[in-house]
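To keep things clear, I will list the structure first and then write my remarks on it.
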Number of protein chains: 2
Amino acid sequence: MSIHTPDRPRRRGRPPKHSARPYDEVRGELIQAGLAMLTEKGYSSVGIDEILRSVGVPKGSFYHYFKSKEEFGQELISAYGQYFARKLDRFLLDTAFTPLERIQRFVADAAEGMARYQFRRGCLIGNLGQEMSLLPESFRAQLQEVFNDWQSRTAACLKEAQTLGEISPQQDAEQLAEWFWTGWEGAVLRAKMEGSTQPLERFTQGFLHLLGQEKVL
Amino acid sequence: MSIHTPDRPRRRGRPPKHSARPYDEVRGELIQAGLAMLTEKGYSSVGIDEILRSVGVPKGSFYHYFKSKEEFGQELISAYGQYFARKLDRFLLDTAFTPLERIQRFVADAAEGMARYQFRRGCLIGNLGQEMSLLPESFRAQLQEVFNDWQSRTAACLKEAQTLGEISPQQDAEQLAEWFWTGWEGAVLRAKMEGSTQPLERFTQGFLHLLGQEKVL
DNA sequence: GGAACAATTAGACCGGGTGTCTAGTTTATG
DNA sequence: CATAAACTAGACACCCGGTCTAATTGTTCC
């Protein structure tokens, strides 16, 4: 339940070689904890020490692991982007299903993920986009890149659907994918608001409908 | 440009009858200023005195006008809901245009509004939905109601489109409207992120496409 | 053994801010 | 002229923010 052991005794100087968690492990835990908190509350409402505390790392150590909160945020964005890219691949490249089925399976998995945290956590990228006016400008381009990445993975799947004749080859797959992600973020927002997976499902249903198929989900 | 005269001299006790702005006027200005700030930064990042200061009302007076920050927030939600409902009516009931044209005109107006503030301000309801996990629970139902209201106004317009034969009468107008608003919030989010009206236009184009018409915008 | 270096963090810096409320001052009312 | 109504100064009692220096401890290598 808790993210880390609450407080082991803490010594001051350099830790003995074989006792301490290695640098990269601690760094990873900080990123993990940061992701959990920022997906729930966004960037500006979460303080550094809240994250540090949850991992049992003393406040003074933050700048040993990261240059600043801004840089930390940048790493979170990229970690989240990659995490989700992997998840997308897991579903969208799964040849056991048709391309459209893969999308549905991805959506179902994401919905389950939101439910697991009582709809308190959303999409980090969406959260930050919404906060944009409070954020360091350096985040803007990075957020866009993440979306672009997700979109092109989705577009590839849609193109496959086209060559397999599952959807019409006339529509621009890239644009459909952009469009999916735009709407998806809206659906995530409403899922948080309503505390229900319904918006996610309804949106997806409509999207697949747009693709030209009738019976879905 | 500035919201109010910066600081007129301020006397302490009850103001003379004909000198002071009436209670309701001040209240209205506070709500106005609150809307401007919350549409930009959300609820939790905006402090009460930031709003007070911008209107030239001393901090001590807040509880003269509102019971608490929570109640103030509730009034903002309802004011924003009504403001937008009026705007929707202005466009969606304008019989000088076809129903679908009205929707396009509404979108164009909203896009212009976002551009006017350099894409820093979004939709208050969307902002708060995103923040939900940081908000008083009392906001949840209220936010949903606002969406429902907007949706039914939109649905009415879509039904008119159906009776006029502009779109197929087979689809459920209510659901299409819900779907529009879900996607719309996503598009607003991305417009903020990209600092461009493009997401708004692209999304709308796709939506109208879904309604079955080809040439749009 | 002991210098030099690497790894870690205590603790404070400095400057905010939060929402709330009481006690007070001033005008209006009857 | 007492009482009531309208308004606000100023503080309460917090907790927070991100950052950085100086100190402490372990390791390495002569």
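Worth saying up front: this structure is predicted, and the values here are computed from it rather than measured. Chain letters run A, B, ... following the sequence lines, proteins first and then strands; every chain starts at 1.
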Among [options], which nucleotide sits nearest the side chain of [X]?
X: A:Ser68; options: D:dT19, C:dT9, D:dC7; result: D:dT19
X: B:Lys69; options: C:dT9, D:dT19, C:dG19; result: C:dG19
X: A:Tyr63; options: C:dC21, D:dT19, D:dT8; result: D:dT19

Calculate the interatomic distance between [X] atom [atom1] and [N] atom [atom2]; express it in whole Å.
X: B:Ile51; N: C:dG19; atom1: CD1; atom2: P; value: 8 Å
X: A:Phe66; N: D:dC20; atom1: CZ; atom2: C1'; value: 18 Å
X: A:Arg53; N: C:dT9; atom1: CZ; atom2: C1'; value: 16 Å
X: B:Tyr65; N: D:dA6; atom1: OH; atom2: P; value: 11 Å
X: A:Lys59; N: D:dC16; atom1: NZ; atom2: P; value: 9 Å

> Under 4.5 Å between any side-chain heavy atoms of B:Cys157 and B:Ile103, yes or no?
Replying inline: yes
>> Ignoring hydrogens and geometry beyond distance, is a side-chain donor-acceptor pair present between A:Ser138 and A:Gln74 at under 3.5 Å?
In response: yes
>> What verdict does the ring-ring contact (aromatic ring centres under 6.0 Å, His included) test give for A:Phe72 and A:Phe62, after you've listed the backbone C-alpha separation in whole Å, the side-chain angles of each residue and the deciding distance to 0.1 Å?
In response: CA-CA 10 Å; A:Phe72 181 58; A:Phe62 182 76; 5.6 Å; yes
Going by atom type alone, with no hydrogens or angles, which donor-acceptor pairs under 3.5 Å involve a side-chain atom of residues 116-123 of chain A and a protein atom two or more places apart or on another chain?
none

> Does OP1 or OP2 of C:dA7 have a side-chain N or O of A:His64 closer than 4.0 Å?
Replying inline: no
